[in-house]
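Encoded as structure tokens, the structure appears first; notes follow it.
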There are 2 protein chains.
Amino acid sequence: MEEPGSIRPGGRTARVRAAVLRAAGDALAERGFAHLDLTDVARRAEVGKTTVYRRWGTVTGLVADLLTDMAEQSLPRARTGSLEGDLRANARLVRKTLADPRQGALFGAIIAAATSDTRTAEALHRFYARRIREWVPCVEEAIDRGELPEGTDAEEVVRAVSAPLYYRFLASGDPLDEATADRAAKAATAAARAGAYIKDEQARPIL
Amino acid sequence: MEEPGSIRPGGRTARVRAAVLRAAGDALAERGFAHLDLTDVARRAEVGKTTVYRRWGTVTGLVADLLTDMAEQSLPRARTGSLEGDLRANARLVRKTLADPRQGALFGAIIAAATSDTRTAEALHRFYARRIREWVPCVEEAIDRGELPEGTDAEEVVRAVSAPLYYRFLASGDPLDEATADRAAKAATAAARAGAYIKDEQARPIL
DNA sequence: CCCTTAATGGTCCTGTAGTTCCGTTAGTGC
DNA sequence: GCACTAACGGAACTACAGGACCATTAAGGG
């Protein structure tokens, strides 16, 4: 038999999955990745713990599935007409997500899980690859409008917007206010205009 | 009695601490934060597990102490004479650390631990605050030389160099090659020159 | 609507992480 | 170098996460 739930995914199976993922999200947000255990998740979801162990097996496996589920809900990108406006919308969205108690804790837990499990890490990388690709058109349109130099690596510009926010969130712990988000967008725009993200270019000094 | 080891920190106590921290680092690098358990650390360190539980108590407590220990070994900053040169040296150092199998796994594990434990998080923030402060003079000298506008937030510039590297390392999973490090330095320099990191300035559009 | 069997969920079992207790070792002050 | 006791470490104990087994429930195809 293959993965449980793959042959009869409808009805009860789907309800159980939803309840378990919801409970896992609650538990992660409340207690963090280090204290997550499947027995507790089963209790919260009002589901037999046997089911949780059979379907997901390990903590990281459950987190990976939770992430897959989250990846399916995608948010539309902004269209403000200017590069910095679009990037600022993106930065504010990311900041809002990370600063939100539940969502932020959830992302933290997932990233923590990814550091010790390859499958979770792959799911995480796919998640961000997708999110980044969704915002790439903002940058490409800016290149077409002549706002940015030809050959600019659009994905790198998008990454540059999120990076300072995640750095604060995970490493330095500095506050994640809206000014920070706006500054991230401003800096990414400025660097892109200066040609810091031109593809295939060896990163030699600007001057 | 206060924290064990605080009254007679010499000789054996110090040896035990060193052995345990070393073993913890090995275990974290090999198996990751999720699979760390103190009994295993005690075995590796050839130390009674009672000792480990008494001194450190929990996994996150041990990780926090490991971090404190690491923070004490500080690296001197570069002095190349130009801002981008200095920042590039910093970026390459950070990249090298994160890309190194042992050191990288260790940082990942510590950051993971910090997401679910307040004390570890505080230790981590102190660690980065210190590292950032060490590189601040590079930026301040650049301001003095007239390379950067007056009022530039030096700490923010230093953070901007590390941020893209940590983002790739923890979130997106994109490769951490030297070109990425150089690009991070280049982008931070360009954004700083454009005035994106001027203090107390509301982040309004560049134009 | 019925039959097959995928999937769930009690219940019991086991390995081991984490604790407690107490005897042993060795750091520190005199 | 002696006495005092901080700190270590072995052994035995406990609680519970994780797993095995099987009876029960309800998808999904006909």
Side-chain angles (χ1 to χ4, degrees), chain A residues 1-24 26-28 30-65 69 109 113 116-117 119-120, chain B residues 1-24 26-28 30-65 69 109 113 116-117 119-120:
Chain A
M1 174 200 344
E2 292 305 299
E3 298 279 293
S6 57
I7 299 177
R8 286 183 187 175
R12 182 169 61 166
T13 298
R15 276 198 305 280
V16 165
R17 178 167 182 251
V20 168
L21 292 186
R22 183 196 171 82
D26 289 345
L28 283 176
E30 275 175 38
R31 316 212 45 213
F33 173 69
H35 307 103
L36 187 69
D37 77 287
L38 302 194
T39 304
D40 178 52
V41 170
R43 259 196 305 271
R44 287 169 183 259
E46 295 180 307
V47 153
K49 72 171 184 166
T50 312
T51 303
V52 177
Y53 281 106
R54 186 176 31 231
R55 293 259 308 261
W56 291 279
T58 69
V59 171
T60 48
L62 177 55
V63 172
D65 192 34
D69 187 63
S116 43
D117 182 71
R119 280 183 45 246
T120 308
Chain B
M1 172 201 345
E2 293 305 298
E3 298 279 293
S6 57
I7 299 177
R8 285 183 187 174
R12 183 170 59 166
T13 299
R15 276 197 305 279
V16 166
R17 177 167 184 251
V20 169
L21 292 186
R22 183 195 170 81
D26 289 345
L28 283 177
E30 275 174 38
R31 315 214 46 214
F33 173 69
H35 307 104
L36 187 69
D37 77 286
L38 302 193
T39 304
D40 178 52
V41 170
R43 259 197 304 271
R44 286 170 184 259
E46 294 178 309
V47 153
K49 74 171 182 166
T50 312
T51 302
V52 177
Y53 281 105
R54 186 174 30 229
R55 293 260 307 261
W56 291 278
T58 68
V59 171
T60 48
L62 177 55
V63 172
D65 192 35
D69 186 64
S116 43
D117 183 71
R119 280 184 44 246
T120 308

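Proteins get letters first, then strands, A, B, ... in listed order; numbering begins at 1 in each.
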(request) Tell me what B:R17 touches on the nucleic acid: a base, only sugar-phosphate, or nothing, going by heavy atoms under 4.0 Å. (result) nothing
Taking atom [atom2] of [N] as reference, at what distance in whole Å does atom [atom1] of [X] sit?
X     : N      : atom1 : atom2 : result
A:E46 : C:dG10 : CD    : C1'   : 15 Å
A:R15 : D:dT25 : CZ    : P     : 15 Å
B:R43 : C:dG18 : CZ    : P     : 12 Å
A:L38 : C:dG9  : CG    : P     : 15 Å
B:R55 : D:dA7  : CZ    : P     : 8 Å
B:W56 : C:dA17 : CH2   : P     : 18 Å
A:H35 : C:dG18 : NE2   : P     : 10 Å

(message) Strictly below 4.0 Å, N to O, side chains only: are B:D65 and B:R55 in salt-bridge contact?
(response) no
Smallest separation among heavy atoms of [X] and [Y], with atom names:
X     : Y      : value
B:T60 : B:A113 : CG2-O, 4.1 Å
B:A23 : B:R44  : CB-CB, 3.7 Å
A:H35 : A:R31  : ND1-O, 3.0 Å

Expected rows: protein N/O vs nucleotides 19-25 of chain C N/O, under 3.5 Å:
residue	atom	partner	partner atom	Å
C:dT25	O2	B:R12	NH2	3.0

(message) Within this structure, what is the CG-OG1 distance for the pair B:L38 and B:T51, rounded to the nearest 0.5 Å?
(response) 12.0 Å
(message) Assess the residue pair A:V52 and A:V16 against the criterion (side-chain contact (heavy atoms from CB on, under 4.5 Å)); give the C-alpha distance rounded to whole Å, side-chain angles, the decisive distance to 0.1 Å, and a yes or no.
(response) CA-CA 9 Å; A:V52 177; A:V16 165; over 6 Å; no
(message) On the nucleotide D:dA7, are OP1 or OP2 found under 4.0 Å from the side-chain N or O atoms that B:T51 carries?
(response) no
